[in-house]
Novice: 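Below you will find the structure I want to go over with you.
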There are 2 protein chains.
Amino acid sequence: MEQNSRDKLAWTAARLFQERGFHGVGLNEILAASKLPKGSLYHHFPNGKSDLALEAAALAHREMSRIIDDAFEHAESYRSGATTLFYKLAKLFELMGKHTGCPISVILFSGPENDMFRERCAEYFASWTQQIASHAERLGESSNDAQLLAKKMFVTLQGGWTLARATQDGDVLRDLTKLLFNDKCEH
Amino acid sequence: MEQNSRDKLAWTAARLFQERGFHGVGLNEILAASKLPKGSLYHHFPNGKSDLALEAAALAHREMSRIIDDAFEHAESYRSGATTLFYKLAKLFELMGKHTGCPISVILFSGPENDMFRERCAEYFASWTQQIASHAERLGESSNDAQLLAKKMFVTLQGGWTLARATQDGDVLRDLTKLLFNDKCEH
DNA sequence: GCAACACTAGACCAATCGGTCTAATCATGT
DNA sequence: ACATGATTAGACCGATTGGTCTAGTGTTGC
């Protein structure tokens, strides 16, 4: 809990944005939750709410990136790494109260008028997918398969998270493994 | 264009909510876009914004439901029906300006304080999945497979839509077919 | 003609929004 | 001790928010 004001603001904002989205959270609420005055916010984030949201998204991106690496670090196969990842995210989802959406999309989808947000979102998504693909390749998948598997994983995760949020059930995320790997041959 | 005021309000609200979410659109904007006064809104929707959002979500749900049925209606296999569905949704996505999210989740995720919205969202999701599963079963899949395929389809669609929105690319949705059906056997 | 009702019209409200600004306080180097 | 810059503190602002209320306008059956 020994973080500086800037980080405290960004983390608090990230948490709240993930629950209600960019437009759903007011600055006053963020300030109240961080127990910091408005002056601090505009000192650390001169452009106000937009700056804050970008930083919150950056934090969320780095955390997700770290989680992905952690999950695949000691995995002996792509499949086991993917499973670990799903479990880790389910844990996180439950820890945050089962109300949060995908950390990035929830923060950065704020409408057509803010194309920069959307682009950033696309970059982060691509970064995660690439990261997963690297792990897949490292774990023995061919380059082509790795790309496909990563995309599949990302899309499944994204959709699964939405479903988990709607149903308030972290097990939805854990079950994604079955969904991804039950590949019976289509006849 | 010969719709009554109530429908006009709901459709306008649906469109705007899908771009910026529940909290991102103000009543005044909806009224301006529908060219109707505030009195009309509170006459047709006595509980104001919440009522309006619920009705907008109901409209979106019915439309999606119809699209699903249309896609599978004349399909000779589950796979071809699924492909048609993806293509139809890609078209819709592009038609709406590539900025909209999943019609339901975008409207009905407005935060923990509104659990009724979230529950409604879960119901609609379940309804779609069930609908897809029925078509799958009708097209020859076993009951178990049908459930699994439908869930897979739903999750993929949900995640793919998010990705399409981030990248502003409807082809992401069209490519989901490959993602779903390339099932090579895992060795 | 007229009563009854459905609907439109928009002025108005308190509350909250994101943002600005000045003053006070804290930390640091000299 | 003192100056300096970083940071905190919060009063304040105009604009906008969702919502209420009253007056007016159709529309329908009698």
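Convention: sequence-line order gives letters A, B, ...; per-chain numbering from 1.
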Novice: Taking the side chain of Y42(B) as heavy atoms from C-beta outward, which of dG18(C), dG19(D), dT8(D) is closest to it?
Specialist: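 In terms of side-chain proximity for Y42(B), the closest of dG18(C), dG19(D), dT8(D) is dG19(D).
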
Novice: Any side-chain heavy atom of H99(B) within less than 4.5 Å of one from Q168(B)?
Specialist: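 A side-chain contact exists here, since the closest heavy-atom pair is under 4.5 Å.
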
Novice: Ignoring the backbone of L27(B), work out which of dG19(C), dG18(D), dT8(C) is nearest its side chain.
Specialist: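 My answer, after comparing the listed nucleotides, is dG18(D).
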
Novice: With no hydrogens and no angle check, is any side-chain donor or acceptor of H23(B) less than 3.5 Å from a backbone partner on S110(B)?
Specialist: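 Yes: the side chain of H23(B) pairs with the backbone of S110(B).
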
Novice: Select one nucleotide: of dT8(C), dT8(D), dG19(C), the one nearest the side-chain heavy atoms of S40(B).
Specialist: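 Looking only at heavy atoms from C-beta outward on S40(B), the closest nucleotide is dT8(C).
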
Novice: Given that S5(B) and V25(A) both sit by DNA chain C, which one's nearest nucleotide is further toward the 5' end?
Specialist: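 Upstream on the strand: S5(B).
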
Novice: As a test of reading the structure: which of dG19(C), dT8(C), dA11(C) is closest to the side chain of K38(A), going by heavy atoms?
Specialist: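 Between dG19(C), dT8(C), dA11(C), the one nearest the side chain of K38(A) would be dG19(C).
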
Novice: Got a sec? Which of residues 47-55 of chain B come in under 4.0 Å of DNA chain C, heavy atoms?
Specialist: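 The stretch gives none, as no residue of it lies under 4.0 Å from the strand.
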
Novice: Send over the distance from L31(B) CG to dT16(D) P, rounded to a whole Å.
Specialist: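 After rounding, the reported distance stands at 15 Å.
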
Novice: Rounded off to whole Å, could you give me the CG-to-P distance for the D7(A) and dT7(D) pair?
Specialist: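 So the two atoms are 12 Å apart, to the nearest Å.
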
Novice: Tell me which pairs pass side-chain hydrogen bond (donor to acceptor under 3.5 Å, both in side chains) where either residue lies in residues 44-61 of chain B, with sequence neighbours left out.
Specialist: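 Every side-chain hydrogen bond (donor to acceptor under 3.5 Å, both in side chains) pair that includes a residue of residues 44-61 of chain B, provided the two are not neighbours, is R6(B)-E55(B), H61(B)-W128(B).
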
Novice: Between atom CG in L9(B) and atom P in dG19(D), what is the gap in whole Å?
Specialist: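 Going from CG in L9(B) over to P in dG19(D) covers 14 Å.
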
Novice: With a distance cut-off below 6.0 Å to the six-membered ring centre and an angular limit of 45° from the axis, does R174(A) pair with Y87(A) as a cation-pi contact?
Specialist: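 Yes - R174(A) lies over the ring of Y87(A), closer than 6.0 Å to its centre and within 45° of its axis.
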
Novice: How many Å lie between CZ on F45(B) and P on dT8(C), as a whole number?
Specialist: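 Interatomic distance, CZ of F45(B) to P of dT8(C): 11 Å.
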
Novice: H43(B) has an atom NE2; how far is it from atom P of dG10(C), in whole Å?
Specialist: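 Rounding to the nearest Å, NE2 of H43(B) and P of dG10(C) are 17 Å apart.
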
Novice: Would you indicate what G26(A) reaches in the nucleic acid, counting non-hydrogen atoms under 4.0 angstrom: base, sugar-phosphate, or nothing?
Specialist: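 Sugar-phosphate contact only.
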
Novice: Could you check whether Y78(A) and F72(A) have their ring centres less than 6.0 Å apart?
Specialist: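 Ring centres of Y78(A) and F72(A) closer than 6.0 Å.
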
Novice: Do L54(B) and F45(B) have side-chain heavy atoms sitting under 4.5 Å apart?
Specialist: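 Result no, sub-4.5 Å side-chain heavy-atom pair not found.
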
Novice: Would you say H44(A) places a side-chain N or O within less than 4.0 Å of OP1 or OP2 belonging to dT8(D)?
Specialist: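 Checking dT8(D) against H44(A), a side-chain N or O does come within under 4.0 Å of OP1 or OP2.
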
Novice: Side-chain N or O of N28(B) versus OP1/OP2 of dT17(D): is the shortest distance under 4.0 Å?
Specialist: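 Yes, within the criterion.
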
Novice: Between atom CZ in F22(A) and atom C1' in dC17(C), what is the gap in whole Å?
Specialist: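 The distance from CZ of F22(A) to C1' of dC17(C) comes to 12 Å, rounded to the nearest Å.
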
Novice: Whole angstroms only, please: what is the CG-C1' distance between N114(B) and dG18(D)?
Specialist: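 Taking atom C1' of dG18(D) as the reference, CG of N114(B) is at 14 Å.
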
Novice: Take the protein atom CG of L41(A) and the nucleotide atom C1' of dG10(D), then report the distance between them rounded to whole Å.
Specialist: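 In whole Å, dG10(D) C1' and L41(A) CG are 13 Å from each other.
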
Novice: Could you measure the distance from the CG atom of L179(B) to the CG atom of D175(B)? Nearest 0.5 Å is fine.
Specialist: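 Interatomic distance, L179(B) CG to D175(B) CG, rounded to 0.5 Å: 8.5 Å.
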
